[in-house]
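Start at 1 and go down the list; that is how both ligands and their atoms are numbered.
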Amino acid sequence: MEKKSKQINQNKMEKLVALLKRRGFIFPSSDIYGGIQAAYDYGPLGVELKNNIKRAWWKRFVQSKLDMVGLDAAIIMHPKVWEASGHVKNFTDPLVDCKKCKKRFRADHLLPANAKSPGYDKEKPFFVSDYQCPDCGGELTEVRQFNLMFQTFMGPLQEDAAKVYLRPETAGGIFVNFKNVVDSMRLRVPFGIGQIGKAFRNEITVENFIFRTREFEQMEVEYFVHPREWEKYFNEWLEIMKGWCKFLGIKDSNLHLQEIPESERAFYSQRTIDFEYDYPFGRKELYGLAYRTDYDLKQHQKFSGQSLEYTDPLTKEKYIPHIIEPSLGVDRSVLVVLLEAYTEIIGGRTTTTEATKELEVVLSLPYELAPVKIAILPLAKKESLVVMAKKIAQDLGNNYAVQYDETGSIGRRYRRQDEIGTPYCLTIDFDTITDQAVTVRDRDSMQQERVAIKDLDNFFKLKFN
Ligand code: ATP
C-alpha cells in the first residue's frame with residue numbers, strides 16, 4: 001500500500017514537472033546546454049505566477065500593515081555581516097563522501113541501518129560505520145563540516161582581503177539597516193521590516209525540483225519588539241502565516257506545525273515553529289517562524305562598534321529590541337501552490353467528441369495567483385471575429401492579464417487554458433456580431449453564460465474581487 005502511494009506521488013511530481021515545462025512555467029536552466037544541476041528558469045507563465053505570489057505577500061505582510069515597511073538590500077554585503085551573524089563559522093552542513101561511488105551526502109539526512117529517521121546529532125559522536133552509501137551501499141568517509149556560503153571576490157584581486165559572500169539569507173540586510181530605518185522613518189517599536197530577494201546556499205545535496213536549489217528567493221520579515229511582548233507578536237505572526245497558507249490554497253491536512261524542541265533550536269532562539277508540508281516526496285519544511293531574542297542586533301552592535309540601542313520616544317527606555325522572524329521561501333510557495341492546484345480528472349470533464357480525453361488536467365489556482373486571468377478566444381479565424389476579439393483583449397488587457405488564442409479547436413483551447421489555470425475563457429462567436437455579447441466559461445464549474453461586451457468590465461470586477 002505504502003509502495004503504491006509512493007509511486008502515485010512520484011508520478012504526480014513527474015507529471016507536474018512535465019506540464020510546467022510544456023506550458024511555459026518552469027524550464028531547466030541552460031536547457032540547450034543540457035541544463036545545470038538544480039537550477040531552474042521561470043518561463044513566461046512561471047514568472048507571472050511567482051510575481052503574483054510575491055505581490056500578494058508584499059501586500060499582506062508589508063503594505064497593508066501600518067507597523068511594517070519594506071527594504072531591498074544588496075546581495076553582496078560587507079563580509080563582517082556574516083562573521084557577526086555566525087554564518088562564517090557555523091553555517092555548515094555535515095558532509096560525507098562515498099568511498100566507492102564518490103557521491104556526497106548530508107550526514108544528517110542518512111538513515112542508520114533499520115531506522116526510520118536520520119540519526120545524526122551535532123552534539124553526539126557519529127559513527128560512520130553505522131551507515132552506508134544510500135545509493136551503492138559503499139563505505140563512507142568521516143564527517144566534515146562544509147560551509148554553505150558561496151564565496152567570490154570583489155574587484156580584480158583574488159585574495160583573502162577581497163573575499164565576499166553571496167548572502168545566504170535576506171535577513172542580514174534587514175538587521176544591518178535597523179538603525180537607518182529607525183532614524184529615517186520615525187517608527188516606534190513594535191515595527192517590522194519586510195524584504196523579498198535572492199539568497200544563495202551551496203547545498204551539498206539538491207533535490208526535488210524547486211524544493212531545494214542553490215539559488216532561491218526568500219520573503220522575510222524581521223519584527224522588532226520589546227522583550228516583554230515577544231509572545232504576543234509571535235502569536236500574531238503565527239496567525240498571519242496560517243492565513244497566508246490558506247490563501248495559497250493549502251489544505252489543512254497537508255500542513256503541519258512543528259514546535260521545535262530546545263535541543264534542536266538555534267542556541268539563541270527561544271521558540272521556533274516549522275511549517276511543514278506533505279510534499280509528494282515526504283513531509284518537509286515549507287516555512288519557519290522564530291523568536292530570535294536580541295541575538296542579531298547585539299551581534300551587529302558588537303562587530304560594527306555602532307550602538308543599535310533603541311530609545312523609546314515616549315518612555316525614554318533604552319534597550320536592544322528582540323526579533324520575531326517569519327521566513328518564507330518563494331520557490332517552495334510556488335511549488336505548494338502548484339501541487340495543491342494540480343487536479344486530474346480521469347475520463348475528462350467534457351463529452352463533446354473532439355475534446356473528449358481520457359485524462360484532463362485543471363490547475364485550480366487561486367484567482368489572485370493565476371498567471372492568466374482571462375483567455376480571449378475567437379471561435380473561428382474569420383476576420384470579423386478576430387477584429388472584435390482583439391479589441392476586447394486590448395480593452396480587458398488594461399486591467400487583467402489576458403491571453404489571446406485563435407489556434408486549434410475551441411475544445412482544445414479550453415483544455416489548454418484549464419491546464420494553465422485561467423479562471424475565465426471568453427468566446428467570440430458569429431452571434432457576437434449581431435448581439436454584441438460573448439460566452440464566458442468558468443474554469444471550475446465549466447458553466448457558460450452570455451455577457452454583453454459593454455458589461456464585461458463590471459462582470460469581471462465582481463468575479464475577481
Ligand atoms: P531546510 O531545513 O529545508 O534546509 P532551513 O531551515 O535551512 O531549510 P531557513 O534557513 O529557515 O531554511 O530558510 C527560510 C526558508 O527559505 C525556508 O523555510 C525555505 O522556504 C527557504 N529555503 C531555504 N533553503 C532553501 C533552498 N535551498 N531552496 C529553496 N528554498 C529554500
Using the benzene-type ring in the case of Trp, are the ring centres of [X] and [Y] under 6.0 Å apart?
X: Tyr367; Y: Tyr424; value: yes
X: Phe234; Y: Tyr291; value: no
X: Phe209; Y: Phe211; value: no

By number and element, which atoms of ligand 1 are closer than 4.0 Å to a non-hydrogen atom of [X]?
X: Glu203; answer: 24 (N), 26 (C), 27 (N)
X: Tyr287; answer: 18 (O)
X: Gly329; answer: 20 (O), 21 (C)

Partner of Leu49 under side-chain contact (heavy atoms from CB on, under 4.5 Å), chosen from Leu338, Leu20, Ile26, Leu363: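 The residue from Leu338, Leu20, Ile26, Leu363 that satisfies side-chain contact (heavy atoms from CB on, under 4.5 Å) with Leu49 turns out to be Leu338.
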Name the closest protein heavy atom to [atom], giving the residue it belongs to and the distance to 0.1 Å.
atom: atom 13 (O) of ligand 1; answer: Gln218 NE2, 3.4 Å
atom: atom 28 (N) of ligand 1; answer: Thr213 N, 3.1 Å
atom: atom 18 (O) of ligand 1; answer: Glu285 OE2, 2.7 Å
atom: atom 4 (O) of ligand 1; answer: Arg212 NH1, 2.8 Å
atom: atom 23 (C) of ligand 1; answer: Arg201 NH1, 3.5 Å
atom: atom 14 (C) of ligand 1; answer: Ser327 OG, 3.0 Å
atom: atom 22 (N) of ligand 1; answer: Phe216 CE1, 3.5 Å

Is any side-chain heavy atom of [Y] closer than 4.5 Å to one of [X]?
X: Asp294; Y: Pro227; result: no
X: Leu314; Y: Arg188; result: yes
X: Phe303; Y: Ser85; result: no

Candidates Lys102, Lys103, Arg144 - the one meeting side chain to side chain donor-acceptor pair (under 3.5 Å) with Asp97: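 Among the candidates, only Arg144 passes.
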Under-4.0 Å heavy-atom contact with ligand 1, by part of Arg214 that carries it: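 Neither; nothing of Arg214 gets under 4.0 Å from ligand 1.
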Val206 to Arg214 - nearest heavy-atom pair and separation: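 Nearest heavy atoms, Val206 then Arg214: CG1-CG, 3.8 Å.
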Sub-4.0 Å heavy-atom contact, [X] with ligand 1:
X: Asp331; answer: no
X: Arg332; answer: yes
X: Phe211; answer: yes

Ring-face cation contact, Trp82 with Lys163, 6.0 Å cut, 45° max: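 Because its charged atom misses either the 6.0 Å distance or the 45° angle limit, Lys163 does not stack over Trp82.
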Heteroatom distance test (Leu286, ligand 1): nitrogen or oxygen, under 3.5 angstrom: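 Yes - when backbone and side-chain N and O of Leu286 are compared with those of ligand 1, one distance drops under 3.5 Å.
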Polar proximity ligand 1 side, Glu220 side, N/O cut 3.5 Å exclusive: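 No, since none of the N or O atoms of Glu220 sits under 3.5 Å from an N or O of ligand 1.
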